[in-house]
There are 2 protein chains.
Amino acid sequence: MVTLAEVARHAGVSASTVSYVLSGKRTISARTRERVERSIRELGYHPNAGARALASSRSNIIALMMPLRTDMYLPVMMEIAIAVATTAREHAHDVLLLTGQEGPEATRRVVGSGLADAMILMDVELEDERLPLVRETRRPAVLIGLPADTGELTCVDLDFAETGRQCVSHLAGLGHREIAMVGEAAAVYERRTGFAERTILGVRERAAELGVRVLHRPCEGSYESMAGTLSRIFDERPGTTAIIVQNEAVIGPMLSLLRQQGRAVPEDISVVAVCPEQVATQQSVALTSVAIPAFEMGQRAVELVMDRLRPDAVLAPAGTHTELLPPTLTVRASTGPAAGVPVSHAPANGAR
Amino acid sequence: MVTLAEVARHAGVSASTVSYVLSGKRTISARTRERVERSIRELGYHPNAGARALASSRSNIIALMMPLRTDMYLPVMMEIAIAVATTAREHAHDVLLLTGQEGPEATRRVVGSGLADAMILMDVELEDERLPLVRETRRPAVLIGLPADTGELTCVDLDFAETGRQCVSHLAGLGHREIAMVGEAAAVYERRTGFAERTILGVRERAAELGVRVLHRPCEGSYESMAGTLSRIFDERPGTTAIIVQNEAVIGPMLSLLRQQGRAVPEDISVVAVCPEQVATQQSVALTSVAIPAFEMGQRAVELVMDRLRPDAVLAPAGTHTELLPPTLTVRASTGPAAGVPVSHAPANGAR
DNA sequence: CTGAAAGCGCTAACAC
DNA sequence: GTGTTAGCGCTTTCAG
């Protein structure tokens, strides 16, 4: 194994010079720098990570903790993980992947051992058991998702309340007055993973403002439960002309079922989805949707972490910082004027 | 930060004793051990990862490299990653997540710096550019997937050829004589990611043996392309009575389209899928399928790595070792006797 | 069964 | 602009 000392000897300089060439923390003459860089290349030198971590007390690793709740939509998790790893590398850091099975103590182990300089927590619950440990850590930490109490925490998430509002506004603008919302599995609400609740709150708020009726029904991930949910919706509210769906697993089944029932999208029923772009565009009808900006979420989380990791960063407790990414509703082929409402002159009040 | 020296002082023993209590590499009297363990607990001691790595030249980290080709099915990747992380922790190791963007050099960086003790490579192509580096490394490495030349490599994968054979055997046993195979996107075949080719080879082999005709068509991930593929299949081979599908993204659309066309599953057309269990069971018709054992693949990969990481392991080059997991075909509701074949007395050999 | 002490390879003062 | 050197915290001989 090639060491820094060997490089130094080969280049005819001292160890510290090699170190400084590597870190750029002091000015080096062009001549020396070149000699050193040449030696590094010729010898195939790679700085030893352990030694570096020990001497600098920085591992250049950030931990990404993702519990594996079975009802989470994996592709989104995956995309966030990829974004985190990619962005971290741009900042010369690596990513350590922690799963939930160790429990909250993984936090302590990884940070306590200096294995990671900071951490990013995914799939945060409203009352997350990891939060006490995060609050007492002096290491930078960023949550992806919003807990009930964000005090003293740094959080990144999509603005789901605004997402809900935009969905309703869009539909109301098309004349819809009776809307159903197909939500995540009941377990997601019970666990109180904030995002699902925040969406429905936003939906209800805007609906109240615009005089729209809303029926909210959670739905499991299977074809059958979608069938059941759908028939209950039309039983209870035969006048339903639009559906907002926030549950990736059942989007395909829903469209398939609507077609079977002879309900045309968007002529008879409009559909707005809250889901990744890819899911929205790959259906039989391209869906009007609000995208889940998974990549941006992971990216921002890393950037926030890196800010607090800068050498000159304040060491004070982080303070409270919440960053809600603005949702964007993209109109595609699945939404249109409410049945019975003339295409033009669609009255905004829809009153009869 | 609490150090081993502080623990030693607190417990009234020497540093080496504390170290040995931790590692169990020498026998310690019960009394001393307890005192040390107590001190560790009271002081909240966590061994410093960097120091440990430096002194022992073992980081206890294994790198997991997953290129992010856009056409891969993310949930399977994710499940493998989770399996790797989980299994690694059971062996007191952590997992470093590497994405493809750095190119093959990431291998060199991570292993050369001693950041990782070993690596697991996912999504291996037939002529993978990472292989030369893997072969020259002295660190243990395991591939998930099979390259064209497995010489001197350790590989784990599902036995896709046998998977293909089992699908055909099952259908032939039900009397089907005209089978279509809907495969992955053309790009997957062009990249020559072995698994897709191996499946169709197995399909063709068994089909030849049993006198079954096979039509193979790749298919992109969208609803439209599935529609196109399906109509081409029935145009070219109107007598098709069964479909094997190996493309998670279009399974839902396929079932939906068949229903629209008035083809009942399994009465008019039988469907066998190669996909994760969850996908097979959540469709409108529970699918007869061969599961992708993602978790097992990740798990075996870690175990193989750990074998070669044992202190007493031979340091010789690994040699060639390929482990193909046996496929299991589970019969569900989507396959039945070929149309025109009597339900009972369906001859197992299918001969007429 | 336990201690003492020599590094592991690098960083970052401190000198000049 | 460069060199010298004292650790960083742990593992592991070597002694007893």
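Order of the sequence lines fixes the chain letters, A, B, ..., with proteins taken first and strands second; residue numbering starts at 1 for each chain.
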Where the side chain of [X] is defined as all heavy atoms beyond and including C-beta, which of [options] is the nearest nucleotide?
{"X": "A/Tyr20", "options": "C/dA4, D/dC10, C/dA12", "answer": "C/dA12"}
{"X": "B/Arg26", "options": "D/dC10, D/dT13, D/dG1", "answer": "D/dT13"}
{"X": "A/Asn48", "options": "C/dC10, D/dT11, D/dT4", "answer": "C/dC10"}
{"X": "B/Ser16", "options": "C/dG3, C/dG9, D/dC10", "answer": "C/dG3"}
{"X": "A/Ser14", "options": "C/dC8, C/dG9, D/dG3", "answer": "D/dG3"}
{"X": "B/Ala55", "options": "D/dC10, C/dG9, C/dG3", "answer": "D/dC10"}

Within the pair [X] and [N], is there a side-chain N or O less than 4.0 Å away from OP1 or OP2?
{"X": "A/Thr27", "N": "D/dG1", "answer": "yes"}
{"X": "A/Thr17", "N": "D/dG3", "answer": "yes"}
{"X": "B/Ser19", "N": "D/dT11", "answer": "yes"}
{"X": "A/Lys25", "N": "C/dT11", "answer": "no"}
{"X": "A/Ser56", "N": "C/dT11", "answer": "no"}
{"X": "A/Arg52", "N": "C/dG9", "answer": "no"}
{"X": "B/Ser23", "N": "D/dT11", "answer": "no"}

What integer distance in Å separates [X]:[atom1] from [N]:[atom2]?
{"X": "B/Ile28", "N": "C/dT2", "atom1": "CD1", "atom2": "C1'", "answer": "8 Å"}
{"X": "B/Leu4", "N": "D/dT12", "atom1": "CG", "atom2": "P", "answer": "12 Å"}
{"X": "B/Arg9", "N": "D/dC10", "atom1": "CZ", "atom2": "P", "answer": "12 Å"}
{"X": "B/Arg31", "N": "C/dT2", "atom1": "CZ", "atom2": "C1'", "answer": "13 Å"}
{"X": "A/Leu54", "N": "C/dC10", "atom1": "CG", "atom2": "C1'", "answer": "8 Å"}
{"X": "B/Met1", "N": "D/dG9", "atom1": "CE", "atom2": "P", "answer": "6 Å"}
{"X": "A/Glu6", "N": "C/dG9", "atom1": "CD", "atom2": "P", "answer": "8 Å"}
{"X": "B/Leu115", "N": "C/dG9", "atom1": "CG", "atom2": "P", "answer": "16 Å"}

Quiz item: Does any non-hydrogen side-chain atom of A/Arg130 lie less than 4.5 Å from one of A/Pro67?
Solution: yes

Quiz item: Any side-chain heavy atom of A/Pro75 sitting closer than 4.5 Å to one from B/Pro75?
Solution: yes

Quiz item: Stepwise, does the side-chain contact (heavy atoms from CB on, under 4.5 Å) test hold for B/Asn48 with B/Arg52?
Solution: CA-CA 6 Å; B/Asn48 179 291; B/Arg52 190 170 255 191; over 6 Å; no

Exercise. State whether A/Arg300 and A/Glu303 are salt-bridged, where the test is any N-O pair (Lys NZ or Arg NE/NH1/NH2 against Asp/Glu carboxylate O) under 4.0 Å.
Key: yes

Quiz item: Heavy atoms under 4.0 Å, any strand shown: does A/Val13 hit a base, just sugar-phosphate, or nothing?
Solution: sugar-phosphate

Quiz item: Can you find a donor-acceptor N/O pair under 3.5 angstrom joining the side chain of A/Thr32 to the base of D/dT2?
Solution: no

Quiz item: Yes or no on side-chain contact (heavy atoms from CB on, under 4.5 Å) for A/His91 and A/Ile62, after CA distance, side-chain angles and deciding distance?
Solution: CA-CA 11 Å; A/His91 296 263; A/Ile62 74 188; over 6 Å; no

Exercise. Start with the C-alpha distance between B/Arg135 and B/Asp149, add both sets of side-chain angles, then the distance that settles side-chain contact (heavy atoms from CB on, under 4.5 Å), and finish with yes or no.
Key: CA-CA 11 Å; B/Arg135 283 206 174 82; B/Asp149 173 12; 3.5 Å; yes

